[in-house]
Amino acid sequence: MDEQKLLTALMESPDAIIAVDADEKVAFWNRGAEVLFGYRAQEMVGQPINILVPPDVEGDGELVELTQRLFRDGFVRNYRTRRLTKDGRRVLVETTMTPITELDGTSIGSMLVIRDVSNVERLHEDLLFAENLASMGEMAAALAHEIKNDLAGISGAIQVIRNSMDRDDPRCDVMAEILAQVKKLDSSVRDLLTLARPTAPQLEDANVCFILSEVISIVKRDPVMKEIEIVRDFPPEVCHIPLDTKQVSQVFINTMMNAAQAMPRGGRVTVKVSENKEDVVIAFTDTGVGMPADVMASAFTPFFTTKPGGSGVGLSVSKRIIEAHRGRIEADSEVGKGTTFTIYLPKRRRTRRTNE
Ligand SMILES: Nc1ncnc2c1ncn2[C@@H]1O[C@H](COP(=O)(O)OP(=O)(O)OP(=O)(O)O)[C@@H](O)[C@H]1O
Ligand SMILES: [Mg+2]
């Protein structure tokens with residue numbers, strides 16, 4: 001085959017192919033190398049190859065080691081290392097090296113074929129991250145489970161004490177406060193559990209307005225509610241629908257707390273219950289700071305938070321719970337005016353659609 005044609009093919013190869021001379025200076029630099037490292041052939045030919053070696057890697061004497069291996073084994077295959085591009089990025093590459101020799105065997109340099117394997121590594125890291133997350137989830141679930149039992153114990157004990165007190169004993173109110181705090185703690189722990197290990201809702205007929213009243217009495221005791229007025233707009237008829245009371249209470253608590261936290265200087269939350277043909281509709285409207293478009297786009301993403309002490313699980317868990325009930329949750333917001341979260345819960349048990 002015509003040598004010139006061979007050279008042109010090597011030049012055009014999408015793999016980075018580089019030849020270096022005995023002084024470690026670049027003698028050949030093809031199109032693939034230009035793409036991978038960002039240097040044009042005219043910039044690199046005649047330059048020392050170690051321009052591509054990040055300073056900390058060179059400190060390890062890597063080039064010396066590679067040359068030694070090349071002479072000892074006659075080649076170096078798939079050597080994984082970091083290299084530096086023209087714009088300062090570090091890329092993970094796999095290099096295969098072959099010596100270039102004279103007919104009598106004297107070495108006059110080497111040929112390198114280099115592949116960018118950063119993506120492969122990223123995939124591997126993603127996989128590791130997912131595995132870590134899964135085991136962290138397991139740990140969180142185990143811990144949350146323990147705490148949940150202890151909380152149930154505390155709450156039981158407080159109830160016993162409260163029942164033994166006179167109704168007009170002023171300490172009754174303190175007991176009610178402790179119970180409310182324990183319930184909120186229990187709800188946070190459940191958030192964590194739901195995120196780590198979601199459980200199917202145990203549906204039973206329940207009264208949405210009753211659950212809301214209960215939730216309001218719990219959150220009202222939180223200091224964040226101090227300057228906040230809660231307005232109930234409930235229909236006269238009773239809204240009984242199939243739902244998991246504990247899970248749905250958790251959603252209502254999360255939504256009420258978010259509303260309150262969005263009004264650091266006080267304001268109003270209106271809780272409106274209505275119904276359409278298919279759903280009971282619960283709307284929480286606050287007069288808080290509102291959400292700009294970017295916050296709105298990420299609000300339901302796990303661990304997304306804009307609060308200094310926030311964990312960013314409230315909304316993602318709430319969405320998961322509502323969707324497990326075959327309902328949906330929607331947000332509507334205007335910066336500086338306020339936000340409405342609307343929850344649709346089906347009146348009848350919806351069966352799974354066949355394509356799910
Ligand atoms: N009513 C609201 N008004 C304004 N922003 C809100 C409202 N509800 C939620 N957000 C925004 O959505 C983000 C995510 O809410 P989410 O409840 O998931 O997490 P969090 O409240 O930050 O932390 P956590 O609920 O885990 O304590 C909040 O940090 C906030 O920026
Ligand atoms: Mg929240």
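Residue numbers run from 1 in the order of the sequence given. Excluded from the calculations below are hydrogen atoms, water molecules and symmetry mates; all remaining heavy atoms, backbone and side chain alike, are included. As the structure lists them, so they are numbered: ligands from 1, and atoms in each ligand from 1.
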Undergrad: Near the Mg ion (ligand 2), is there an N/O/S atom from Thr305 that is less than 2.8 Å away?
TA: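 No, outside the cut-off.
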Undergrad: Identify the closest protein heavy atom to atom 14 (C) of ligand 1: which residue and atom is it, and at what distance?
TA: Phe304 O, 3.4 Å
Undergrad: So do the side chains of Ile211 and Leu243 get within less than 4.5 Å of each other, counting heavy atoms only?
TA: yes
Undergrad: I'd like to check which ligand 1 atoms, numbered from 1 as shown, lie under 4.0 Å from a non-hydrogen atom of Thr339.
TA: 1 (N), 3 (N), 4 (C)
Undergrad: Specify the protein heavy atom at minimum distance from atom 7 (C) of ligand 1: its residue, its atom name, and the distance to 0.1 Å.
TA: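 Protein heavy atom with the smallest distance to atom 7 (C) of ligand 1: Phe341 CE1, 3.8 Å.
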Undergrad: Can you find a pair of side-chain heavy atoms, one from Thr342 and one from Ile329, that are under 4.5 Å apart?
TA: no
Undergrad: What atoms in ligand 1 come closer than 4.0 Å to a heavy atom of Ser311?
TA: 23 (O), 24 (P), 26 (O), 27 (O)
Undergrad: For Val295, state whether at least one heavy atom is located under 4.0 Å from any atom of ligand 1.
TA: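 Flag set, Val295 near ligand 1.
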Undergrad: Quick check on side chain to side chain contact (heavy atoms under 4.5 Å, CB included): which of Val45, Leu7, Ile18, Ile100 does Phe28 satisfy it with?
TA: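 Testing each of Val45, Leu7, Ile18, Ile100 against Phe28, the sole residue satisfying side chain to side chain contact (heavy atoms under 4.5 Å, CB included) is Leu7.
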Undergrad: Got an N/O contact under 3.5 Å between Gly312 and ligand 1?
TA: yes
Undergrad: Heavy-atom distances under 4.0 Å are what count here, so tell me which part of Phe284 touches ligand 1: side chain, backbone, both or neither.
TA: neither
Undergrad: Does the pair Lys25/Asp23 count as a salt bridge with the N-to-O cut at 4.0 Å?
TA: no
Undergrad: Consider only side-chain N and O atoms of Asp191 and Gln250, and report whether a donor and an acceptor are under 3.5 Å apart.
TA: yes
Undergrad: Identify, for atom 1 (N) of ligand 1, the protein heavy atom at the shortest distance, and state residue, atom and that distance.
TA: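 Ranked first by proximity to atom 1 (N) of ligand 1 is Asp286 OD2, 2.9 Å.
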Undergrad: Going by distance alone, is a donor N or O of one side chain under 3.5 Å from an acceptor N or O of the other, for Arg232 and Ser213?
TA: yes
Undergrad: Which atoms of ligand 1 have any heavy atom of Ala299 under 4.0 Å away?
TA: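 Counting atoms of ligand 1 from 1, those under 4.0 Å from Ala299 are 12 (O), 14 (C), 18 (O).
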Undergrad: Does the side chain of Phe284 come within less than 4.5 Å of Ile343's, by heavy atoms?
TA: yes
Undergrad: What part of Ala262, side chain, backbone, both or neither, has a heavy atom within less than 4.0 angstrom of ligand 1?
TA: side chain
Undergrad: If we set the cut-off at 4.0 Å for heavy atoms, which region of Asp191 has an atom near ligand 1: side chain, backbone, both, or neither?
TA: neither
Undergrad: Give a yes-or-no answer on whether the side chains of Ser13 and Asp15 include a donor-acceptor pair shorter than 3.5 Å.
TA: no
Undergrad: Do Ser318 and Asn254 meet the criterion of a side-chain donor-acceptor pair at a distance under 3.5 Å?
TA: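 Ser318 vs Asn254: donor-acceptor pair found between side chains.
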Undergrad: For ligand 1, indicate whether the residue Leu315 contacts it via side chain, backbone, both or neither (heavy-atom separation under 4.0 Å).
TA: both
Undergrad: Which residue and atom name correspond to the protein heavy atom nearest atom 17 (O) of ligand 1, and how close is it?
TA: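 For atom 17 (O) of ligand 1, the nearest protein heavy atom comes out as Asn258 ND2, 2.8 Å.
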Undergrad: Could you tell me the residue and atom name of the protein heavy atom closest to atom 30 (C) of ligand 1, and the distance to it rounded to 0.1 Å?
TA: Thr306 OG1, 3.4 Å
Undergrad: Any salt bridge between Glu323 and Arg328, counting N to O under 4.0 Å?
TA: no
Undergrad: Among protein heavy atoms, which sits nearest to atom 5 (N) of ligand 1, and what does the distance come to when rounded to 0.1 Å?
TA: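 The closest one turns out to be Met291 CG, 3.2 Å.
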Undergrad: When you measure from atom 22 (O) of ligand 1 to every protein heavy atom, which one gives the shortest distance, and what is it?
TA: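 Residue, atom and distance for the closest contact: Thr305 OG1, 2.5 Å.
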Undergrad: At what distance is the nearest protein heavy atom to atom 21 (O) of ligand 1, and which residue and atom is it?
TA: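 The closest heavy atom on the protein side is Lys307 NZ, 2.6 Å.
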Undergrad: Considering only NZ, NE, NH1 and NH2 on the basic side and carboxylate oxygens on the acidic side, decide whether Glu278 and Arg348 come within less than 4.0 Å.
TA: no
